[in-house]
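We number each residue from 1, following the sequence as shown.
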Amino acid sequence: MKNKYRPFCQTLLSWVKSSKCARVVVLSSSHAYQRDDEQLLGTPLRYLLTPDLEKAVGGLMQELKWKEMEKVAAYPGINDTEKVLHIPGGGITKLLFTESCSKGIQMAVLLKFCSEGDNIPDAFALVNYLNEWLQLIKCEVNTSSQWKIPSSWRLLFGNGLPPALF
């Protein structure tokens, strides 16, 4: 909701601090059509770590050969040396991340560049990416069949056609 995201983030992060959460993992996405040239290469999966979490798990991310979300020029074509974090279509992800950095919260953001349409395969790719790191379930090959699918996904595209039509 417009003008409500900042208070929501503040309240959420205050709760995280007061609850003494060890670590927060945010699964998010970014518009695929707004990637820059560097982001078009390789995997569409990226990660971000707050400085506090970087100290704890940064080496593991290097071992996994994961790509950190690239920063982009703040003023493209005018000043390409000043870089900023840009997550188009990521909603409150950037605000949660930057506020967590300043509050000393251990947060990881895992995201995938997504296009419009059926994003169920993207959701599975993102949760498999998470599992690669945290080993939530043990498996040889990450497949969608090993995850419990939310019942709400059955109506993702509305109800089927009524049989009376035929």
Side-chain angles (χ1 to χ4, degrees), residues 4-76 78-115 119 121-144 146-148 150:
K4 301 290 183 197
Y5 60 92
R6 189 167 296 279
F8 173 76
C9 286
Q10 296 298 333
T11 303
L12 179 61
L13 293 177
S14 293
W15 176 82
V16 166
K17 280 288 250 195
S18 67
S19 299
K20 296 180 175 44
C21 293
R23 165 183 308 164
V24 177
V25 179
V26 175
L27 302 180
S28 189
S29 64
S30 185
H31 291 314
Y33 68 87
Q34 288 190 307
R35 290 180 287 180
D36 65 15
D37 290 345
E38 185 181 352
Q39 293 168 336
L40 287 168
L41 300 173
T43 179
L45 297 159
R46 297 290 191 276
Y47 77 93
L48 291 165
L49 301 175
T50 59
D52 289 294
L53 188 57
E54 176 77 41
K55 292 173 193 166
V57 301
L60 178 59
M61 300 308 183
Q62 304 300 333
E63 287 177 35
L64 291 171
K65 295 185 175 34
W66 280 15
K67 284 192 83 158
E68 188 171 5
M69 182 67 167
E70 300 86 353
K71 292 187 175 183
V72 297
Y75 307 102
I78 298 170
N79 178 2
D80 291 335
T81 57
E82 186 180 343
K83 304 277 187 174
V84 295
L85 179 62
H86 186 57
I87 307 174
I92 63 172
T93 303
K94 181 180 173 185
L95 181 62
L96 278 172
F97 179 74
T98 55
E99 289 293 314
S100 293
C101 287
S102 65
K103 293 182 185 310
I105 294 173
Q106 289 195 13
M107 178 181 282
V109 175
L110 306 184
L111 59 88
K112 184 173 188 305
F113 294 112
C114 296
S115 298
N119 294 117
D122 297 315
F124 285 125
L126 197 54
V127 76
N128 286 333
Y129 189 53
L130 172 68
N131 192 55
E132 198 179 321
W133 170 35
L134 295 181
Q135 298 296 301
L136 301 170
I137 58 175
K138 302 290 183 203
C139 58
E140 297 284 322
V141 178
N142 286 325
T143 64
S144 58
Q146 65 201 8
W147 299 106
K148 183 174 180 184

Discussion item. Could you tell me if the side chain of Leu13 sits less than 4.5 Å from the side chain of Met107, heavy atoms only?
Written reply: yes
Worksheet entry | Listed once per pair and sorted, the side chain to side chain donor-acceptor pair (under 3.5 Å) pairs that draw on residues 37-48, sequence neighbours left out | Gln39-Glu70, Arg46-Glu70
Discussion item. Going by the rule salt bridge (charged side-chain N to carboxylate O under 4.0 Å, His left out), which residues pair with Lys112 if we only count those two or more places apart in sequence or in a different chain?
Written reply: Asp122
Worksheet item: Rounded to the nearest 0.5 Å, how far apart are CG of Leu45 and CG of Leu130?
Response: 11.0 Å
Fill in: Heavy-atom side-chain contact between Trp133 and Leu64 under 4.5 Å
yes
Discussion item. Under a 3.5 Å distance rule, please check whether Asn128 uses its side chain to pair with a backbone N or O of Phe124 as donor and acceptor.
Written reply: yes
Item to complete: Report the distance from atom CZ of Arg35 to atom NE2 of His86, rounding to the nearest 0.5 Å.
Response: 13.5 Å
Discussion item. Would you compute the distance between atom CG of Leu49 and atom OG of Ser100 and round it to the nearest 0.5 angstrom?
Written reply: 12.0 Å
Fill in: Considering all heavy atoms, the nearest Asp52-Gly104 contact
OD2-CA, 3.0 Å
Discussion item. For a side chain to side chain contact (heavy atoms under 4.5 Å, CB included) check, start with the C-alpha distance between Leu48 and Leu85, then their side-chain angles and the critical distance, and finish with the verdict.
Written reply: CA-CA 10 Å; Leu48 291 165; Leu85 179 62; 3.9 Å; yes
Fill in: Side-chain donor/acceptor of Thr50 to backbone N/O of Ile105, under 3.5 Å
yes
Discussion item. Under the criterion side chain to side chain contact (heavy atoms under 4.5 Å, CB included), I'd like the reasoning laid out for Gln10 against Lys103: C-alpha separation, chi angles, the key distance, then a yes or no.
Written reply: CA-CA 10 Å; Gln10 296 298 333; Lys103 293 182 185 310; 3.5 Å; yes
Practice prompt. With side chain to side chain contact (heavy atoms under 4.5 Å, CB included) as the test, would you mind laying out the steps for Ile137 and Trp147 before giving the verdict?
Written response: CA-CA 9 Å; Ile137 58 175; Trp147 299 106; 3.8 Å; yes
Discussion item. Please list all pairs meeting side chain to side chain donor-acceptor pair (under 3.5 Å) that have one or both residues in residues 12-34, counting only residues at least two apart or in different chains.
Written reply: Trp15-Ser19, Ser28-Thr93
Worksheet, complete the sentence: Minimal heavy-atom distance between Lys67 and Tyr129, with the atoms involved, is O-OH, 4.2 Å
Worksheet item: Which is it for Leu126 and Leu110 under the side chain to side chain contact (heavy atoms under 4.5 Å, CB included) test, yes or no, and what are the steps along the way?
Response: CA-CA 7 Å; Leu126 197 54; Leu110 306 184; 4.2 Å; yes
Item to complete: Hey, could you give me the CZ/CD1 distance between Phe113 and Ile87, rounded to the nearest 0.5 Å?
Response: 9.0 Å
Worksheet item: About how many Å separate OH of Tyr5 and CG of Leu12, when rounded to the nearest 0.5 Å?
Response: 15.5 Å
Worksheet item: How far does SG of Cys114 sit from CG of Asn119, to the nearest 0.5 angstrom?
Response: 5.0 Å
